[in-house]
Amino acid sequence: MAETETELVRRCLKGDNSAFAGILEIYQDRIYSFALRLLKDPVAAEDAAQEAFVKAFRALSSYNPARPFSSWLFRIAHNACMDALRAGNKTVSLDGEDFPDLPDRSAGVEDMVADSLDAERIEALLASLPPLYSEVLLLAYREDMGPAEIARVIGAPEGTVKARLFRARELIKVKLTAVKVQDATV
Amino acid sequence: MDMDSRKTDRLIAGAIAALPYRRPSAGFSARVMAGIAAEAPQPWLTGVLKGAGLIVTAWAAALAFVSARLVYANFADTAALLIQPGGLGQALNLLAARAALVLAKAGSVMSLGLDILSAAAAGLPAWYEIAVAAAVCSAAIAALSHGGRFARQGI
């Protein structure tokens, strides 16, 4: 039977560095995919993921086993990605909620949206969103975290997380509608 | 929120949940483990460093306590002098006199300590044996600290 995260973390804390390879095996794809979808650059995503794992190893003694290990690790990955975005002069609006204006959607749009949600399109739509929005969507739906857990990961109030989730979904719907209308006119 | 909107939200959630995880390049794990090996200090070295840090902190705290007591004991006299005209000079003179008194007391304490030491010296090893032991200890401590630094640098 495979060792649990808690056992692996305990072994690491006792000085067994090889146990971290187990943690790496469990999380490398998840953390790398998260970074890739935020940074949209494989090299930058690998750098950020590597930095996150090394920082996590260094800070293992500060991990509280009462909380999920995944959200603790994703918090470190979030910080690494935000640092990478800032270093690349990409806009990361952290000071205030800079919500874009959303146009009204016409009736019947929901059916149109429902028809066109394939993996490729949703991936492209996520990539077109500002990182603050794609991040909450990924954490909520791909990583199956609740608003409270996401709030701990991104270091924002729970209300902000819920607002960002709502806006992110609305943005996706608007963009998807625009794509469909464009397809229909061509 | 109407039913259609809820349905679309569920579809968006489902589509994102079904996104595949991407795999980093082949050498990723090895690079991370190499980074960790370079970072990780030896557990015994961490213990030694923590112990040394604790001793330094305790010593600094004791020193701060003694200094604070000295300042507190002399504060009433010096503060009263400072508010008078030309009081600064008088306060400095007073502090110098107090310092001379403390030095004289320290001298007495030191000579008493030397007397006690010389009385106890009969049972101590010869001075050159103590010097050799001190030199060996210093060399061992220096070697350990260099070893730790090199280990951290991956040398």
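Chain identifiers are assigned alphabetically (A, B, ...) following the order of the sequence lines, protein sequences preceding nucleic acid strands; residue numbering begins at 1 within each chain. Predicted, not measured: the structure shown is a model, and the values here were computed from it. The analysis underlying the following values was restricted to heavy atoms, covering all of them including side chains, and did not include hydrogens, waters or symmetry mates.
- Salt bridge status for A/E25 with B/R23: present, with a side-chain N to carboxylate O gap under 4.0 Å.
- Options A/L24, A/L126, A/D29 differ in how many heavy-atom pairs under 4.5 Å they form with chain B, and the most are formed by A/D29.
- The minimum heavy-atom distance linking A/R142 with B/L19 is given by the pair NE-O, 2.6 Å.
- Taken from CD1 in B/I36 to CZ in A/F57, the straight-line distance is 5.5 Å, to the nearest 0.5 Å.
- Within 6.0 Å of the CG atom in A/D144, the count of heavy atoms belonging to other residues, nucleotides or ligands does not exceed 12.
- The distance from the CD1 atom of B/I16 to the CD atom of A/E143 is 11.5 Å, given to the nearest 0.5 Å.
- In the hydrophobic clustering of ILVMFWY residues, with side-chain heavy atoms under 4.5 Å counting as a link, A/I23 and B/Y21 come out apart.
- Looking at every heavy atom in both residues, A/K173 comes nearest to B/I12 through CG-CD1, 4.0 Å.
- The most heavy-atom pairs under 4.5 Å with chain A, out of B/A15, B/G14, B/P20, B/A13, come from B/A13.
- In this structure, B/F28 and A/Y32 have tilted ring planes: the angle between them lies in the 30° to 60° band.
- Residues B/V32 and A/Q28 fail the side-chain proximity criterion, which asks for heavy atoms closer than 4.5 Å.
- Using a 4.5 Å heavy-atom cutoff, the side chains of B/T8 and A/R169 are not in contact.
- Taking a 6.0 Å sphere around CD of B/E129, one finds it holds more than 12 heavy atoms contributed by other residues, nucleotides or ligands.
- A/L36 and B/R22 make their closest contact through CD2-CG, 3.7 Å (heavy atoms, listed as atom of the first residue, atom of the second, distance).
- Going from atom OH of A/Y141 over to atom CG of B/D9 covers 6.0 Å, rounded to the nearest 0.5 Å.
- B/I141 and B/I130 are not part of a single hydrophobic cluster, where members link through side-chain heavy atoms under 4.5 Å apart.
- When each of A/A35, A/A49, A/A45, A/P42 is checked for heavy-atom pairs under 4.5 Å with chain B, A/A49 comes out on top.
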